Enquirer: 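Sharing a structure with you now.
Every chain is numbered from 1 and lettered A, B, ... according to where its sequence line falls, protein lines coming before strand lines. These numbers come from a predicted model, not from an experiment.
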There are 2 protein chains.
Amino acid sequence: MYSYHYPHPAVTVDCAVFGLDEARPASSGEDARRDDDRHGTTPGNLTVLLIQRDLEPYAGAWALPGGFVKIDEDLEAAALRELGEETGVRDLYLEQLGAFGAPDRDPRERVITVAYLAIVNLFDHPVAAATDARNAGWFGVDDLPALAFDHERIVAAGLEQLRATVRDEPIVFEFLPQEFTLRQVQSLYEAILGESLDKRNFRKKLHATSLIVPLDEVEMDVAHRAAQLHRFDRERYEALRAEGYRWNA
Amino acid sequence: MYSYHYPHPAVTVDCAVFGLDEARPASSGEDARRDDDRHGTTPGNLTVLLIQRDLEPYAGAWALPGGFVKIDEDLEAAALRELGEETGVRDLYLEQLGAFGAPDRDPRERVITVAYLAIVNLFDHPVAAATDARNAGWFGVDDLPALAFDHERIVAAGLEQLRATVRDEPIVFEFLPQEFTLRQVQSLYEAILGESLDKRNFRKKLHATSLIVPLDEVEMDVAHRAAQLHRFDRERYEALRAEGYRWNA
DNA sequence: TGTACATAGTGTATATAATACACTATATCT
DNA sequence: AGATATAGTGTATTATATACACTATGTACA
């Protein structure tokens, strides 16, 4: 059988993990994250998860979580495994961003990386807590440190894909807890799109979908009128989508 | 310096090259393609370029053009090189589709491929003519033979990306000659989107862009009233786009 | 030469979607 | 009790999308 004898590049996966770093909503009051897990961000910001490298090259620099793909491992499985190992995250949204393969992107040898966009719900899964061993942290997307390799380009590609996807698919709910306020949804759209939206028009559009169902609960521990909590009817969404419906907000 | 000693996968590039196979427009009357270059397609169809493999595995089967990435070669450069070698195509539109890396997608060894979407203008560059040595041909997207490896999935991903891109970017003009009729543009949208469009509304929308400029020429050698030829004002488009304009059709 | 045929080219009325915009309600905090 | 902070609500206007049918102009051929 024919086989290929020329040198092979190394292949890695890297994950641009986005989360919403926000004052914890009162509906689940315990386990507030420690302040030193957050870097240069104000509540309500879109953040990226970075780890500090402990090996050369770029030892000490911040980088995206990721690592080498095993020889018999599926790419997505590798991304999930590396994320689990380095950050303890499970149960997250994962979507491929693409391959990055400039010949000089890694000084050791030729390394082609397959980048993934991940979204993690920081309300239900306090991620940084599981990463104390390897220095890890959430950084506001507008306030990133210098990154190792070409990871700045990967983050930029992730943001671009987020912006492109957010209007056509209900991915914002991947960031939010099961029960959320409409204000949270709007703030998230604003953070991702980088523009501010009209409150009444935005809510009109959300309500028109009939997919955001109000609950008999309101948020707690806020110093003002409490907002009603809602949930996203994913089941109904999947059913509608099967019939050709497309999310649009 | 640290280096990675585990086995590396092979990395390839594969190109889903799309073209518009159509009765040659009269504005450039010579060099009609031979009929035996076309397979199972009627004029005006969206087609994909396939080559017949002469090596194992899948010897004899149809496959996407592509091949191994050299150890110091950029991914996009590898795609362009392979396309040039196998099909003689130059000067085409190229966009990454993503990485395909299921562990068993190649029976020889672990092979991860980076797939590209390419569009070629068959009016100005008669591609198949340059490929007589290796059996190559254009196949209608709805009439593909069984393909080697996971290339059917790659073609499907390419079609999906075409459909997603065509509304937000003026990529249709990558398929068409410099001078084209409005009917050609509409047919192409219809072929890509798989739905039929209203002639008057479509032309209204095209005209509203002010980017489709009518020429003082009409098509020739047609058995009916000749349509006016137009060109796409790419220069003006790039200028508008730099100011935030987005194509929308 | 004239008539059948094939496609080019054109406008208006209606429905739907997007935008702009400001006040009242309800909770906390002091 | 009053200050403050956010929740929550509707209408009028504008822009965009859709539905729809006839005339114009060339070729082919009887």
Enquirer: Measuring from the side chain of B:H224 (C-beta onward, heavy atoms only), which nucleotide among C:dA8, C:dC21, D:dG8 has the closest atom?
Expert: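 When the side chain of B:H224 is considered, C:dA8 is the closest of C:dA8, C:dC21, D:dG8.
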
Enquirer: Take atom NZ of B:K204 and atom P of D:dC20, then tell me their distance rounded to the nearest Å.
Expert: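 Interatomic distance, NZ of B:K204 to P of D:dC20: 13 Å.
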
Enquirer: Is B:R203 near enough to C:dT10 that one of its side-chain N or O atoms lies under 4.0 angstrom from OP1 or OP2?
Expert: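 Result: no.
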
Enquirer: How many Å lie between CD on A:E219 and C1' on D:dG8, as a whole number?
Expert: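 After rounding, the gap between these two atoms is 13 Å.
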
Enquirer: For A:Q184 and D:dA7, give me the distance from atom CD to atom C1', rounded to whole Å.
Expert: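 A:Q184 atom CD is separated from D:dA7 atom C1' by 13 Å.
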
Enquirer: Taking the minimum atom-to-atom distance to the side chain of B:K199, which one of C:dT10, D:dA7, D:dG8 wins?
Expert: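 Among the listed nucleotides, the one closest to the side chain of B:K199 is C:dT10.
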
Enquirer: What pair of heavy atoms forms the shortest contact from A:Y237 to A:E169, and how long is it?
Expert: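 Answer, listing the atom of A:Y237 first, then A:E169: OH-OE1, 4.1 Å.
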
Enquirer: Quick one: which of C:dA8, D:dG10, D:dC20 gets closest to the side chain of B:A227?
Expert: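 The answer is C:dA8, which lies nearest to the side chain.
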
Enquirer: Over how many whole Å does the gap from A:H207 atom NE2 to D:dG10 atom C1' extend?
Expert: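 These atoms are roughly 13 Å apart.
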
Enquirer: Once you round it to whole Å, what is the distance between P of D:dA12 and CG of A:D198?
Expert: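 In whole Å, D:dA12 P lies 17 Å from A:D198 CG.
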
Enquirer: Taking B:F232 as the fixed residue, which of B:F180, B:F175, B:F173 is the one that meets the ring-ring contact (aromatic ring centres under 6.0 Å, His included) rule?
Expert: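 Going through B:F180, B:F175, B:F173 one by one, the ring-ring contact (aromatic ring centres under 6.0 Å, His included) with B:F232 is satisfied by B:F173 alone.
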
Enquirer: Quick one: is B:R183 getting a side-chain N or O under 4.0 Å of the C:dT7 phosphate, OP1 or OP2?
Expert: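 No, B:R183 has no side-chain N/O under 4.0 Å of OP1/OP2 on C:dT7.
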
Enquirer: Once hydrogens and angles are ignored, does a donor-acceptor distance under 3.5 Å link the base of C:dA27 to the side chain of A:R225?
Expert: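 Check fails, no donor-acceptor contact within cut-off.
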
Enquirer: In Å and rounded to the nearest 0.5 Å, what is the CH2 to CG distance from B:W62 to B:L49?
Expert: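 Those atoms lie 9.0 Å apart.
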
Enquirer: Within this structure, what is the CG-to-C1' distance between B:D221 and C:dA8, rounded to whole angstrom?
Expert: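 About 17 Å, once rounded to whole Å.
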
Enquirer: Find the distance A:R200:CZ to D:dA12:C1' and express it as a whole number of Å.
Expert: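 Going from A:R200 (CZ) to D:dA12 (C1'), I get 12 Å.
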
Enquirer: Under a 3.5 Å cutoff, is there a donor and acceptor pairing between the side chains of B:E95 and B:Q161?
Expert: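 Side-chain D/A pair, B:E95 to B:Q161: present.
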
Enquirer: Specify the closest pair of heavy atoms between B:Q186 and B:D198, including all atoms of both residues, with the distance to one decimal.
Expert: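 Closest pair (atom of B:Q186, atom of B:D198, distance): NE2-C, 4.1 Å.
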
Enquirer: Does B:A223 or A:T181 map to a spot on DNA chain D nearer the 5' end, using the closest nucleotide for each?
Expert: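 Per heavy-atom nearest nucleotide, the more 5' residue is A:T181.
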
Enquirer: A:N248 CG to D:dA17 P: how many Å, rounded?
Expert: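 Going from A:N248 (CG) to D:dA17 (P), I get 12 Å.
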
